[in-house]
Amino acid sequence: YKHVGTRATVSNSMGPEIVSRIGRAHATSKPIVSKILRKEAISVEAKMHIVDACLMSQCDFQAGTWPLINSSEFKHYKNFVMRMYRAASNNVYDVNFEKHLNDSSVCDAIASPHPAVILRKLRIECFFRLVHKRDFLTLSYVYAARKAPISWISAVLSDLNWLCKSSDI
């Protein structure tokens, strides 16, 4: 069912929500890609401002509250983000794949984070906002869910662990 703008399932899967968001984002971005992002006369920096606005409004809004998502759910999200990145960087697929770069190369070329980093950053930001508000009742609920395999706090713990091990800090 849809609760406060987000589709929830009994199994805590974000699949229906991600598919819905990507569908809306694709419909919204189609004219943006063809009329703006594919134009080589527009700077990559200007295009990335448009891409960031599209992603934040259509895909990433409240994504910081998502639990860990499975690989197929992440693939839907990542593929859309990378499609937008490639369009903005003029790195589109051609028939011979001559201009194709891997995801990391595209992210580096446009100085934008990988989609996995975007989701981690959003969750960590959400966690720090929650801690900063000092809402101890909510924090006690979050703490109680820490051992659940598919929970928001288990995702945050994974993200913080990743952050501690990251060499890019």
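All values below come from the heavy atoms of this structure, side chains included, with hydrogens, waters and symmetry mates left out.
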Candidate pair Phe127 and Asp159, rule side chain to side chain contact (heavy atoms under 4.5 Å, CB included), full reasoning: CA-CA 10 Å; Phe127 174 71; Asp159 297 339; over 6 Å; no
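- Grouped with Leu137 in one hydrophobic cluster are Tyr141, the linkage being side-chain heavy-atom contacts under 4.5 Å among Ile, Leu, Val, Met, Phe, Trp and Tyr residues.
- Put simply, Phe61 and Phe128 are part of two different groups of oily side chains (I, L, V, M, F, W, Y) that touch within less than 4.5 Å, one to the next.
- Nearest heavy atom pair, residue Trp152 against residue Gly64, reads NE1-O, 2.5 Å.
- Residues Met14 and Met56 fall within the same hydrophobic cluster, defined by Ile, Leu, Val, Met, Phe, Trp and Tyr side chains chained together at heavy-atom separations under 4.5 Å.
- Here the straight-line distance linking atom CE of Met82 with atom CG of Asn79 works out to 9.0 Å at 0.5 Å rounding.
- Val106 and Leu37 fall within the same hydrophobic cluster, where Ile, Leu, Val, Met, Phe, Trp and Tyr residues are linked whenever their side-chain heavy atoms come under 4.5 Å apart, directly or through other members.
- Around atom NE2 of His114, more than 12 heavy atoms belonging to other residues, nucleotides or ligands sit under 6.0 Å away.
- Summarising the geometry of Ala63 relative to Cys59, their closest heavy-atom pair is CB-O, 4.2 Å, with the distance given to 0.1 Å.
- Salt bridge Lys47/Asp52: absent, no basic N to carboxylate O contact under 4.0 Å.
- Among all heavy-atom pairs drawn from Val44 and Ala88, the shortest one is CG2-O, 3.7 Å.
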Can you list the steps and then say if Phe74 with Ile18 is a side chain to side chain contact (heavy atoms under 4.5 Å, CB included)? CA-CA 8 Å; Phe74 177 70; Ile18 291 169; over 6 Å; no
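- Atom OG of Ser29 is separated from atom CZ of Arg83 by 7.5 Å, given to the nearest 0.5 angstrom.
- Between the side chains of Asn102 and Ser105, a donor-acceptor pair is found at a separation under 3.5 Å.
- Nearest approach of Ile42 to Ile36, heavy atoms of both residues: CD1-O, 3.6 Å.
- When the shell of 6.0 Å around NZ of Lys78 is examined, it contains more than 12 heavy atoms from other residues, nucleotides or ligands.
- Contact detail for Gly15 and Glu73: the closest heavy-atom pair is N-OE2, 2.9 Å.
- Shown here for Tyr85 and Leu55, the closest heavy-atom pair between the two residues is CE1-CD1, 4.1 Å.
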Given the rule in the side chain to side chain contact (heavy atoms under 4.5 Å, CB included) test, do Arg123 and Ser158 qualify, once you have shown the distances and angles that lead to the verdict? CA-CA 10 Å; Arg123 273 193 299 261; Ser158 171; over 6 Å; no
Should Val33 and Met84 be marked as a side chain to side chain contact (heavy atoms under 4.5 Å, CB included) after you check the CA-CA gap, both sets of side-chain angles, and the distance that decides it? CA-CA 8 Å; Val33 169; Met84 295 293 287; 3.9 Å; yes
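- Using a 3.5 Å distance cut-off with no hydrogens or angles, the side chains of Thr28 and Arg24 do not pair a donor with an acceptor.
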Is there a salt bridge (charged side-chain N to carboxylate O under 4.0 Å, His left out) between Asp60 and Arg21? Walk through the geometry before answering. CA-CA 9 Å; Asp60 297 340; Arg21 286 183 184 212; over 6 Å; no
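- Side-chain heavy atoms closer than 4.5 Å link hydrophobic residues (I, L, V, M, F, W, Y) into clusters, and following such links, even through other members, never connects Tyr143 to Leu157.
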